[in-house]
Peer 1: 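This is the structure I want to talk about, given as structure tokens.
We count ligands from 1, going down the list as the structure has it; atoms in each ligand are counted the same way. All figures in this text were calculated on a predicted structure; none of them were measured in a lab.
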Amino acid sequence: MSRKLLSGVVFVLGWMTAAQAVTLEVKNGTSTCIKADLSANFTIIYPISNGTRTVVVPLPESAKEGNGSSCGGAGISPDLVASFGEGHSLGLVFASENLMYRVANLTLSFNLSDTKTFPESSSKEIVVLSSNTSQISAKLNTTYRCKSSSSIRLGSSGMTVTLFNIRLQAYMPSSNLSTNETVCSADIPSTTTAPTTTPVIPTTPVIPTNPEPGNYSVKNSNGTVCLLAKMGLQLNVTYLSKSQNKTIVAITNLQPNRTSFSGTCESTNATLLLTGDLTNLTFTFTLNSSSKTYQLSAVNMSANWEDMAALFSVSNSSLHYLQGTLGRSYMCSVEEVLPVVSTFSINTFDLQVQPFDVRDNKFGPADVCRMQKDNMLVPIIVGASLAGLVLIVLIAYLIGRKRSHAGYQTI
Ligand SMILES: *[C@@H]1O[C@H](CO)[C@@H](O)[C@H](O)[C@H]1NC(C)=O
Ligand SMILES: *[C@@H]1O[C@H](CO)[C@@H](O)[C@H](O)[C@H]1NC(C)=O
Ligand SMILES: *[C@@H]1O[C@H](CO)[C@@H](O)[C@H](O)[C@H]1NC(C)=O
Ligand SMILES: *[C@@H]1O[C@H](CO)[C@@H](O)[C@H](O)[C@H]1NC(C)=O
Ligand SMILES: *[C@@H]1O[C@H](CO)[C@@H](O)[C@H](O)[C@H]1NC(C)=O
Ligand SMILES: *[C@@H]1O[C@H](CO)[C@@H](O)[C@H](O)[C@H]1NC(C)=O
Ligand SMILES: *[C@@H]1O[C@H](CO)[C@@H](O)[C@H](O)[C@H]1NC(C)=O
Ligand SMILES: *[C@@H]1O[C@H](CO)[C@@H](O)[C@H](O)[C@H]1NC(C)=O
Ligand SMILES: *[C@@H]1O[C@H](CO)[C@@H](O)[C@H](O)[C@H]1NC(C)=O
Ligand SMILES: *[C@@H]1O[C@H](CO)[C@@H](O)[C@H](O)[C@H]1NC(C)=O
Ligand SMILES: *[C@@H]1O[C@H](CO)[C@@H](O)[C@H](O)[C@H]1NC(C)=O
Ligand SMILES: *[C@@H]1O[C@H](CO)[C@@H](O)[C@H](O)[C@H]1NC(C)=O
């Protein structure tokens with residue numbers, strides 16, 4: 001069944017002109033708020049009578065600013081909608097915080113009744129797919145520039161939007177793209193070749209979206225799983241950049257599918273070693289047998305990225321993070337920041353670990369982190385205080401009624 005779905009043939013529509021940069025502009029009256037030059041390819045899977053077909057559709061040059069575009073305001077986010085072909089559109093919703101702006105939501109909508117683009121489609125539906133994982137993020141008052149292509153997956157549909165040759169700006173103070181640019185990390189040269197001609201603003205790192213959680217495990221000598229971990233990891237590294245000849249902060253996500261893992265399990269210590277993308281990261285957990293609790297007590301990290309002027313290597317063996325009870329797992333669904341040394345910290349997302357006493361390759365019951373508990377506590381407290389308030393009003397009302405009733409009787 002899924003095999004059949006996967007066996008869709010890739011058709012590249014030759015009759016369409018190759019993807020060209022499209023220029024779009026969103027205005028309110030005469031003031032421009034969003035301007036974008038961009039190229040895009042869409043990989044779309046649609047049903048045909050005996051299976052599915054995959055097509056790559058470029059954003060045509062004829063794309064125009066479409067219905068739904070808006071400069072936002074009053075609780076509405078700025079939105080750039082590019083309409084093209086027979087009822088298709090690409091929408092970018094912007095958000096701004098902390099002196100940055102970003103594409104918060106990307107939506108692709110396509111009309112399967114367009115038989116020129118979707119030959120033999122057995123559906124006539126309008127399909128709408130969206131993603132909030134675009135990496136487009138720039139400093140306010142600068143133009144986001146990215147020549148490199150980046151693919152954004154639309155949920156779990158297997159369909160993607162590939163963007164390239166982008167120059168765009170939202171929340172524009174004037175109608176021209178700023179000459180100050182925020183260049184995407186994929187465009188920053190990784191060697192000491194000629195510097196870029198445009199002024200690059202590297203002081204604020206581009207914050208990537210939340211990392212994808214990876215599943216890691218360690219087996220002991222007899223082949224049973226002794227350590228289990230599920231976590232999304234984001235590395236915050238301060239290093240001397242070759243290309244920029246200064247110290248910069250880089251925030252990068254560990255890509256689970258490019259990370260290999262190994263480790264060891266001893267009676268009172270266990271390690272998990274993650275290797276990938278020229279980075280080695282080791283977590284050491286220790287067990288306190290008397291209190292039957294464990295913790296992450298050491299982190300070692302070494303990296304040899306192309307842009308690093310020297311090998312980056314740090315470690316700290318006196319940490320007290322991710323504390324859990326033997327036989328149980330430690331879980332934290334909210335982001336946790338684990339400072340390791342001044343130049344290195346780890347941001348964890350969607351984390352669950354159990355470094356000792358794993359039974360049947362499954363996590364034990366979870367010890368939930370404090371931050372997550374606090375998060376759950378807020379609605380409970382609000383609810384309880386509301387209930388309390390209602391009770392007080394009710395009692396006040398009853399007392400008031402009784403008094404006036406009593407007063408009436410004595411007359
Ligand atoms: C986009 O699609 C065209 C064909 O339609 C292809 O030639 C081009 O290489 C694709 N570009 C990217 C960046 O995927
Ligand atoms: C569907 O049918 C077409 C011809 O009608 C054939 O070329 C194609 O291989 C078939 N696809 C599948 C998945 O069976
Ligand atoms: C357009 O600008 C005017 C005044 O500057 C403002 O009142 C209005 O809400 C804006 N409309 C949109 C859609 O942004
Ligand atoms: C993106 O926006 C569309 C349309 O406004 C909405 O239906 C969808 O839920 C949003 N998706 C995400 C991931 O926020
Ligand atoms: C952006 O530019 C506008 C107008 O020049 C200015 O008022 C605003 O403070 C600037 N914002 C930032 C974050 O630099
Ligand atoms: C570019 O940035 C510099 C320093 O941040 C600022 O002085 C200058 O006004 C900016 N130029 C534009 C066109 O925004
Ligand atoms: C595997 O070895 C561990 C100690 O290393 C032991 O506790 C466990 O019982 C062994 N499991 C099996 C199935 O032999
Ligand atoms: C990265 O680390 C620096 C220095 O510790 C800190 O100021 C910054 O907020 C961190 N950024 C993120 C996104 O974790
Ligand atoms: C890097 O910067 C230092 C001082 O900031 C300077 O002395 C050195 O020449 C620079 N190196 C390169 C390759 O530009
Ligand atoms: C890894 O995952 C990313 C997105 O999740 C995907 O784009 C990429 O192709 C994957 N790489 C490999 C080697 O599987
Ligand atoms: C881990 O435990 C083993 C024996 O249980 C011991 O030999 C080793 O030194 C310990 N490693 C660390 C880092 O504590
Ligand atoms: C990672 O560890 C391997 C094996 O010990 C080593 O060969 C490699 O150089 C290390 N890489 C980094 C970036 O430290």
Peer 1: So that I can tick it off, tell me whether R328 and D367 are bridged by a salt bridge, with the cut-off set at under 4.0 angstrom between side-chain N and carboxylate O.
Peer 2: yes

Peer 1: Ligand 8 and N236, any nitrogen or oxygen pair closer than 3.5 angstrom?
Peer 2: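 Looking only at distances, the answer is yes, because the N/O contact criterion of under 3.5 Å is met.
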
Peer 1: I need the atoms of ligand 12 closer than 4.0 Å to a non-hydrogen atom of N304, numbered in the order shown.
Peer 2: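 Matching atoms, with element in brackets: 13 (C).
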
Peer 1: Between I126 and S109, is there a side-chain heavy-atom distance shorter than 4.5 Å?
Peer 2: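 Result yes, sub-4.5 Å side-chain heavy-atom pair found.
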
Peer 1: In the protein, what heavy atom is nearest to atom 14 (O) of ligand 12, and what distance, to one decimal place, separates them?
Peer 2: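 The closest heavy atom on the protein side is S302 OG, 2.6 Å.
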
Peer 1: Give the single entry among T279, L281, T282, N280 that approaches atom 10 (C) of ligand 12 most closely by any heavy atom.
Peer 2: N280

Peer 1: Which of the numbered atoms in ligand 8 are under 4.0 angstrom from any heavy atom belonging to N347?
Peer 2: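 The atoms of ligand 8 under 4.0 Å from a heavy atom of N347 are 12 (C), 14 (O).
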
Peer 1: Looking only at heavy atoms of T275, does any of them come nearer than 4.0 Å to an atom of ligand 12?
Peer 2: no

Peer 1: Where the side chain of T209 meets the backbone of Q135, is there a donor-acceptor pair that is under 3.5 Å apart?
Peer 2: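 Checked: no pair found.
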
Peer 1: Of the protein's non-hydrogen atoms, which lies at the shortest distance from atom 5 (O) of ligand 5, and what is that distance?
Peer 2: P173 CB, 4.1 Å

Peer 1: So, for atom 7 (O) of ligand 12, does the protein have a heavy atom nearer than 4.0 Å?
Peer 2: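 Neighbour list for atom 7 (O) of ligand 12 is empty of protein heavy atoms (cut-off 4.0 Å).
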
Peer 1: Going by the order shown, which atoms of ligand 5 are within less than 4.0 Å of some heavy atom of L99?
Peer 2: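 Under 4.0 Å from L99, ligand 5 has these atoms: 13 (C).
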
Peer 1: Would you call the rings of F42 and F84 parallel, tilted or perpendicular if under 30° counts as parallel and over 60° as perpendicular?
Peer 2: parallel

Peer 1: Is the number of heavy atoms from other residues, nucleotides or ligands within 6.0 Å of CD (E125) greater than 12?
Peer 2: no

Peer 1: Tell me the protein heavy atom at minimum distance from atom 12 (C) of ligand 5, and give that distance in Å.
Peer 2: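 Atom 12 (C) of ligand 5 sits closest to the protein heavy atom N141 ND2, 3.3 Å.
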
Peer 1: Under 4.0 Å from atom 2 (O) of ligand 12, can you find at least one protein heavy atom?
Peer 2: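 So far as the 4.0 Å threshold goes, atom 2 (O) of ligand 12 is in reach of a protein heavy atom.
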
Peer 1: If you measure only the distance, is there a donor-acceptor pair under 3.5 Å linking the side chains of T107 and N105?
Peer 2: yes

Peer 1: Taking the six-membered ring for Trp, are F94 and Y171 parallel (under 30°), tilted (30 to 60°) or perpendicular (over 60°)?
Peer 2: perpendicular

Peer 1: Just jot down the ligand 8 atoms closer than 4.0 angstrom to any heavy atom of I251, in number order.
Peer 2: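 Answer, ordered by atom number: 11 (N), 12 (C), 13 (C).
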
Peer 1: Does a sphere of radius 6.0 Å around CD1 in I76 hold more than 12 heavy atoms from other residues, nucleotides or ligands, not counting ones at 6.0 Å or beyond?
Peer 2: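 Check passes, neighbour count above 12.
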
